[in-house]
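Indexing begins at 1, ligand by ligand and atom by atom, following the structure's order.
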Amino acid sequence: MPQKLDVAYFTMEIGLSSEIPTFAGGLGVLAADMMRGAADIGTNVACVTGCWRYGYLHQNLRPDGTQNYEEISWDPSKKLKKLPQTVTVKVEGRDVTVGCWQLDLQGAKRSVPIYFLDTNIPENNPEDRDITKNLYGGDVGMRIKQEIVLGIGGVRMLRALGYDRINNFHLNEGHCSFLTLELLRERGFKDEDVRPSCAFTTHTPIKAGHDIFPYDLAWRIAGDQLPWHIKKLAGEDTLSMTQLAMTLSHDTFGVSRVHGMVSQRLLNNPRVGYITNGVHHLEWTSPEMRGLFDRYVPGWRGHPHLLHEHCRELPDDELWGAHQAAKKRLIDAVNAQGKVHFDPDRLTIVTARRIVPYKRPELLYTNLQRLREVAQGKLQIIHAGNAHPHDAFSQGVIRHIIERSGELKDAVNIAYLPNYNPDLAKLLVSGADVWLNTPTRLQEASGTSGMKACLNGVLNLSTLDGWWVEGYEMDPEAGWRIGPLAEALPTDEDTRKTDAEDLYTQLQYEVIPEYGYPKRERWIRRMKRAVGLMGTFNAQRCVEEYQAKAWTNA
Ligand SMILES: *Cc1c(COP(=O)(O)O)cnc(C)c1O
């Protein structure tokens with residue numbers, strides 16, 4: 001039966017839940033929130049992604065801080081519905097058959113189908129069955145094969161499923177740029193017939209995060225699926241997936257205002273705009289906080305923007321009670337490790353994210369003497385975050401943090417919770433008092449965990465980068481900043497020392513005293529302002545903005 005779609009949303013990864021580990025980090029978690037927001041407002045969208053058997057891996061930590069991994073095996077047949085359709089793509093001249101699984105994501109207004117492409121089927125030889133085994137795994141050649149399956153296979157699969165009219169194709173990061181090649185083929189190789197239906201979002205200001213392939217390898221694997229004028233589209237020297245996406249999209253977006261600006265420079269394209277990310281309000285709010293909003297912000301489930309107008313009506317004692325209930329759950333989880341004893345009434349700082357150098361999770365330990373003076377038994381700190389199995393440097397950062405926590409034992413309790421995943425993230429973003437974020441300026445594209453914290457009345461303490469530039473500007477009472485204002489954004493110089501000093505100063509003179517006041521009036525007022533920000537930084541607003549600016553082809 002012929003079907004129509006307004007938007008086909010392509011993404012290499014999607015992080016719907018800890019039980020479907022087809023994602024590595026924030027990019028996938030964001031894609032899932034986008035689809036939830038779309039299902040709530042009724043966007044006619046379908047998502048195309050990969051059925052990775054191994055995405056995110058289970059992290060274990062040894063007492064000395066060495067991490068090791070277990071692969072989490074999951075069985076798609078237990079979570080997804082197998083579809084009968086198959087399509088083929090060419091890899092190294094062979095036909096590779098691509099199958100598909102479906103999951104329906106139910107929102108307030110509509111159900112959004114998520115299609116997971118899979119080469120692990122009997123028609124394929126063992127080598128090709130492994131194309132959809134490891135997300136971002138293998139060598140450059142494997143990455144090209146995976147992206148052929150996602151981009152070209154994805155468009156063909158949508159056609160096989162009966163979507164004969166698709167108005168807009170969205171490229172969530174450059175991994176899916178090969179979809180434009182299939183559209184070119186469908187439309188007689190006319191660039192101008194493809195461009196109006198494609199929009200592209202770039203997600204990282206780090207150069208290494210952009211896929212670049214040598215042409216000889218790309219030709220050997222993709223063959224004549226690459227059109228004759230590929231160098232005109234994707235770059236003369238190497239095949240840049242970002243360049244290909246920009247050339248064949250009518251618009252390119254960054255994921256926050258600052259990131260849009262940085263991307264203009266990085267991608268040498270003054271036309272890059274931005275749509276600031278958002279998180280799904282129901283997904284990330286603790287049950288206690290949801291109950292409170294149900295009572296005092298009626299309608300917020302369908303209309304999260306109401307959080308902005310009504311956040312001040314939340315009664316102090318009930319807000320604090322809901323927060324403490326969520327906090328108790330987190331403290332219990334820390335204490336259950338049996339290594340340290342945390343106190344539910346002590347100021348608790350959490351810093352949790354994928355461990356990569358630019359996020360600087362160890363910044364707090366730059367000056368141990370200063371930290372001792374500041375903490376004075378008034379602080380407890382929780383870390384979480386996985387390092388990539390091949391990233392020895394970041395694994396060292398985890399060991400470093402755990403060593404510092406031993407040295408500081410007498411002055412401040414520090415815990416490292418293993419295996420950061422969406423379930424643990426929910427516990428952390430609702431149970432913290434302060435959400436600490438310390439990226440090197442201009443390197444955090446958006447960051448979304450701080451938004452999840454706001455939903456729960458948790459206060460951000462963050463360098464001004466990514467979304468927090470806008471959040472802090474909208475309401476400086478909703479949290480604190482570390483380091484200079486956005487206007488004075490330093491670019492290359494090493495700001496580690498000055499940022500660390502400012503972090504200690506903020507803790508000593510702002511954060512710790514405010515938490516310590518007997519009735520915490522000022523603190524609770526800030527909590528409401530944090531909730532208020534989420535009238536803006538929610539997934540629904542984000543999707544609406546995409547509809548207005550990106551998915552405009554009718
Ligand atoms: C929200 C989330 C992220 C992204 O958070 P950032 O602030 O961008 O680091 C990554 N991993 C998990 C499990 C999350 O829930």
Classify the side-chain pair Asp118/Trp101 by whether it contains a donor and acceptor separated by less than 3.5 Å.
-> yes
Geometric N/O contact Lys359 with ligand 1, under 3.5 angstrom | yes
What about Asn421: any of its N or O atoms under 3.5 Å from an N or O on ligand 1?
-> no
May I ask you to identify the nearest protein heavy atom to atom 10 (C) of ligand 1, giving residue, atom name and distance to one decimal place in Å?
-> Gly26 N, 3.6 Å
Under 3.5 Å, is there a donor-acceptor pair between the His323 and Asp433 side chains?
-> yes
Are Lys133 and Trp52 in a cation-pi setup, meaning NZ or CZ lies under 6.0 angstrom from the ring centre and within 45 degrees of the ring axis?
-> no
Using a strict 4.0 Å cut-off to heavy atoms of Gly447, name the atoms of ligand 1 that fall inside it.
-> 7 (O), 8 (O)
Give a yes/no verdict on whether any heavy atom in Arg354 is under 4.0 Å from an atom of ligand 1.
-> no
Taking salt bridge (Lys or Arg N to Asp or Glu O under 4.0 Å) as the test, write out the residues that go with Arg301, two or more places apart.
-> Asp294
Element-labelled atoms of ligand 1 that are located less than 4.0 Å from some non-hydrogen atom of Ser449 | 5 (O), 6 (P), 7 (O)
Can you label the angle between the His383 ring and the Tyr416 ring as parallel, tilted or perpendicular, going by 30° and 60°?
-> parallel
So which heavy atom in the protein is nearest atom 2 (C) of ligand 1, and how far is it from that ligand atom?
-> Lys452 NZ, 2.5 Å
Short N-O contact, Lys328 and Asp332, less than 4.0 angstrom = yes
Which pairs, with at least one residue in residues 7-32 and sequence neighbours excluded, count as a salt bridge (charged side-chain N to carboxylate O under 4.0 Å, His left out)?
-> none
Specify side chain, backbone, both or neither for Ala425, according to which of its non-hydrogen atoms lie closer than 4.0 Å to ligand 1.
-> side chain
Looking at Arg353, which atoms of ligand 1 are within less than 4.0 Å of one of its heavy atoms?
-> 7 (O), 9 (O)
Do Gln67 and Asn60 have side-chain N/O donor and acceptor atoms under 3.5 Å apart?
-> no
Pick one of side chain, backbone, both or neither for how Trp284 approaches ligand 1, counting any non-hydrogen atom pair under 4.0 Å.
-> side chain
Heavy-atom proximity to atom 12 (C) of ligand 1, picking from Trp468, Tyr420, Trp435, points to Tyr420
Numbering as shown, the atoms of ligand 1 that approach Thr448 to under 4.0 Å (heavy-atom distance) | 1 (C), 4 (C), 5 (O), 6 (P), 7 (O), 8 (O)
